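So the structure is just underneath, and the comments pick up after that.
Letters go in sequence order (proteins before strands), and every chain restarts at 1. On a predicted model such as this, the values are computed, not experimentally measured, just so you know.
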2 protein chains.
Amino acid sequence: MIDVARLAGVDVSLVSRVINEDPKLNILPTTRERILEAIRESGYRRNFQARGLRRQRAFTIGFLLPEVTNPIYGPIVSGAVSRADARGYLVVLGSTAGHNVAEPSFEDLLGEKRVDGLLIASGELSDARMRELRLEAAPIVFVNRRIPGTVGSVTVDDAAGSALATQALVDLGHRRLAHLAGATDIDTAARRREGFVSAVTGAGLTDWVIEVAGDDAQGGFDAASRLIDQAPTTTGIIAMNSLVATGAVRALGLHGLRVPDDVSVVSVNDHPLAEFITPTLSCVRMPLERMGATSVDSLLARIDGGAAEDTMVTGDMTLCLRESAGPPPAAQRSSRPRRRTARIPG
Amino acid sequence: MIDVARLAGVDVSLVSRVINEDPKLNILPTTRERILEAIRESGYRRNFQARGLRRQRAFTIGFLLPEVTNPIYGPIVSGAVSRADARGYLVVLGSTAGHNVAEPSFEDLLGEKRVDGLLIASGELSDARMRELRLEAAPIVFVNRRIPGTVGSVTVDDAAGSALATQALVDLGHRRLAHLAGATDIDTAARRREGFVSAVTGAGLTDWVIEVAGDDAQGGFDAASRLIDQAPTTTGIIAMNSLVATGAVRALGLHGLRVPDDVSVVSVNDHPLAEFITPTLSCVRMPLERMGATSVDSLLARIDGGAAEDTMVTGDMTLCLRESAGPPPAAQRSSRPRRRTARIPG
DNA sequence: CTGAAAGCGCTTACAG
DNA sequence: CTGAAAGCGCTTACAG
């Protein structure tokens with residue numbers, strides 16, 4: 001910068017002001033031009049650390065998530081990264097998986113001023129556990145998650161998404177629906193469960209909920225196996241996410257139940273392979289990428305001194321009916337007889 | 001830090017040396033204890049930006065990848081993040097997808113000293129395109145990718161992995177094998193192709209290669225459809241990755257070919273859903289997480305002034321034979337007749 | 001064994 | 001309209 005100043009024959013402070021487009025700067029067009037020219041000529045790049053030190057900002061935010069393997073994080077992260085970039089911020093990745101061992105801990109990141117704030121998208125830590133971290137004061141925004149008792153989150157309308165999926169099966173004629181649900185102590189899972197229950201009871205039907213242990217394919221597989229045992233007459237399943245849905249379809253198949261002939265399955269959230277597995281997986285798509293972007297906006301507002309807020313990103317909710325969903329067996333018995341008729345009551 | 005020094009009754013320079021465990025520091029145990037105590041009492045956290053500015057290090061590296069949706073990046077990224085953390089570095093995420101538009105560009109990240117080096121894991125940019133970026137000088141390491149003409153990469157033994165998958169089908173009795181391959185101008189894809197070709201010709205068979213446009217499920221679907229047209233007698237397919245494999249299985253099914261009864265499919269690299277889709281997907285697992293960790297080591301060595309190196313992470317290569325692979329139809333004709341017999345020659 | 005001082009590369013009130 | 005100067009919070013040769 002000193003070089004640039006010398007090249008342009010001005011003081012470094014002027015160079016700085018030109019670079020930062022200081023609004024209260026009233027500079028001679030010719031001087032500005034000389035400075036811009038000098039910057040070009042010297043190939044000058046401003047040093048972000050120096051800038052950050054002076055401005056007391058890291059211009060970096062942290063994104064903490066359990067694992068990158070769950071496909072739901074793909075759109076959220078890419079939405080966040082591109083919005084952050086547009087606003088001059090970098091996104092560093094952290095894992096909440098082993099956050100008590102090697103991984104950069106919440107406190108370190110914030111305490112050492114390596115990041116200005118944190119985005120936390122963890123579906124694994126319980127609400128209580130999260131609240132323990134007494135995060136009120138720190139600039140933290142939960143993504144796809146709300147922690148009762150704290151403020152500062154960006155979510156989508158999970159209840160509506162779940163209800164939309166449920167209603168689709170009701171409309172197809174299903175009367176015995178079950179939900180493979182996440183733990184009740186995780187707000188997002190609870191809202192999906194709510195959406196299911198209200199849609200089912202709204203249709204005058206009885207709800208049936210099986211809790212999934214570990215919200216992945218194995219969890220879905222196990223939960224569906226239990227469901228087949230406990231509620232064998234079920235003809236429609238709403239899975240809390242696409243991994244659980246896929247595991248459930250597999251379990252149904254191994255138990256001799258065909259999807260969708262015997263049982264229909266709809267997932268909350270899509271999966272990159274949904275259109276390529278057999279049967280193709282039906283789902284409700286929620287605005288995940290936009291949620292990621294909005295969470296950055298919310299966090300930066302917080303960093304800039306704004307009050308914590310709970311935002312729900314709405315709109316863009318679409319139902320994708322694919323092979324895994326169809327009319328219940330009763331409605332189609334004439335054409336496609338159900339294999340395990342013993343399990344059909346009435 | 002000034003507070004800490006005052007609390008302990010020493011100079012800030014001593015505090016700094018204690019914190020950084022300066023080896024040439026010979027301090028009185030009592031003084032050290034007083035300083036440590038003062039740090040604890042004051043809740044002091046060192047400021048990374050100031051430290052970085054002084055040391056001319058960002059203690060941050062960038063990880064550029066095309067999309068987070070491809071499951072192969074999961075283990076690579078998490079391996080990299082945890083190793084980086086162990087070495088005191090943060091990992092910022094960048095996308096190579098739209099690296100000419102909004103995303104933080106290579107040059108900016110490095111030029112503004114926001115990162116000390118870059119890890120690039122892009123399967124989409126061609127070798128030529130990458131070389132254009134004249135990266136020789138900059139501390140950059142390519143992950144899962146080698147750019148002919150440049151040095152600085154960490155890869156796994158793709159040829160061996162691909163050969164292992166191929167040999168598995170040969171051993172099962174397959175004689176007509178095809179490879180759904182990535183573009184030849186991408187080194188990793190070329191090495192997988194090589195492994196396939198050498199295994200096939202080594203067994204005295206003829207190789208058949210179909211190039212996949214876009215290494216995702218849709219690409220696999222399209223490529224398999226062309227394969228069915230062009231080489232209908234094929235009984236075994238080695239897919240360049242798990243997404244392509246899944247797309248291929250789908251295409252085969254829609255063309256009336258059963259997997260594995262009519263055609264077997266093995267994927268290079270696993271997928272989180274591989275054991276839950278039907279048929280479950282056979283694959284070769286490569287040490288991706290370790291590759292991610294090693295790439296960090298390699299990059300940090302480079303940052304510390306070491307010469308660029310090409311490293312291949314070996315070992316940990318396992319074959320997972322699941323439902324999608326079995327003996328070819330000829331070998332099992334007696335028990336399970338092939339549906340489209342017209343397509344079987346001889 | 002410990003301290004004083006310079007300096008990393010910026011930004012920003014304050015002068016003039 | 002432009003410049004001089006202080007300071008962000010550290011680290012590190014250099015003294016003593």
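The side chain of A:Gln56 has D:dC8 as its nearest neighbour among C:dT2, C:dT11, D:dC8. Picking from D:dA4, D:dC1, D:dC10 the nucleotide with the shortest atom distance to the side chain of B:Arg46 gives D:dC10. In the set C:dG3, D:dC10, C:dT12, D:dC10 carries the atom at the smallest distance from any side-chain atom of B:Tyr44. Among the nucleotides D:dT2, C:dA4, C:dC8, the one closest to any side-chain atom of B:Arg17 is C:dA4. The side chain of A:Leu53 lies closest to C:dG9 when the candidates are D:dG3, C:dG9, D:dT11. With C:dT11, C:dT2, D:dA4 as the choices, the nucleotide that has an atom nearest any side-chain atom of A:Ser13 turns out to be D:dA4. Minimum atom distance to the side chain of B:Ile27 is reached by C:dT2, of the listed C:dT2, C:dC10, D:dT11. With C:dG9, C:dT11, C:dC8 as the candidates, the nucleotide lying closest to the side chain of B:Arg54 is C:dC8.
Between A:Phe48 and B:Val12, the residue anchored closer to the 5' end of DNA chain C is B:Val12, taking for each the nucleotide with the nearest heavy atom. With the nearest nucleotide of DNA chain C identified for both A:Gln49 and B:Arg34, B:Arg34 has the one nearer the 5' end.
As the counterpart of C:dA4, no nucleotide is assigned, since no Watson-Crick or G-U wobble pattern has both distances under 3.5 Å. Nucleotide C:dA13 forms no Watson-Crick or G-U wobble pair with any nucleotide shown, as no partner meets the under 3.5 Å limit on both distances.
When B:Leu119, B:Ile120, B:Leu118 are each tested for a side-chain contact (heavy atoms from CB on, under 4.5 Å) with B:Phe63, only one passes: B:Leu119.
Here D:dC1 presents its C1' atom at 12 Å from CZ of A:Arg32, a figure rounded to the nearest Å. At whole-Å resolution of the value, CD1 in B:Ile39 and C1' in D:dC10 are 13 Å apart. Rounded to a whole Å, the CG atom of A:Leu14 is 13 Å from the C1' atom of C:dT12. Between B:Arg6 atom CZ and C:dT2 atom P there is a gap of 19 Å when expressed in whole angstrom units. Whole-Å rounding puts the B:Lys24 NZ to D:dT12 P distance at 8 Å. Separating the CG atom of A:Leu25 from the C1' atom of C:dA13 is a distance of 14 Å, rounded to the nearest angstrom. Rounded to an integer number of Å, the gap from CZ of B:Phe59 to P of D:dC10 is 13 Å. To the nearest angstrom, C1' of D:dA13 lies 14 Å from CG of B:Asp11.
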- request: Verify side-chain hydrogen bond (donor to acceptor under 3.5 Å, both in side chains) between B:Thr314 and B:Asp157, making sure each step is shown before the conclusion.
  value: CA-CA 6 Å; B:Thr314 55; B:Asp157 195 345; over 6 Å; no
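Contact detail for B:Val151 and B:Arg302: the closest heavy-atom pair is O-NH1, 4.3 Å. Scanning both residues, A:Leu299 and A:Pro139, for their nearest heavy atoms gives CD1-O, 3.4 Å.
Note on A:Asn47: every side-chain N or O is 4.0 Å or more away from OP1 and OP2 of C:dC10. At D:dT11, one or more side-chain N or O atoms of B:Arg51 fall inside 4.0 Å of OP1 or OP2 (strictly under the cut-off). Regarding contacts with the backbone of C:dT11, a side-chain N or O of A:Asn20 is found under 4.0 angstrom from either OP1 or OP2. OP1 or OP2 of C:dT2 lies within a sub-4.0 Å distance of a side-chain N or O belonging to B:Thr31.
Across all strands shown, B:Arg45 has heavy atoms under 4.0 Å from sugar-phosphate atoms exclusively, and none from any base.
More than 12 heavy-atom neighbours from other residues, nucleotides or ligands sit within 6.0 angstrom of CD on B:Glu37.
Looking at A:Ser42 and A:Asp3, their side chains never bring a donor and an acceptor atom within 3.5 Å of each other.
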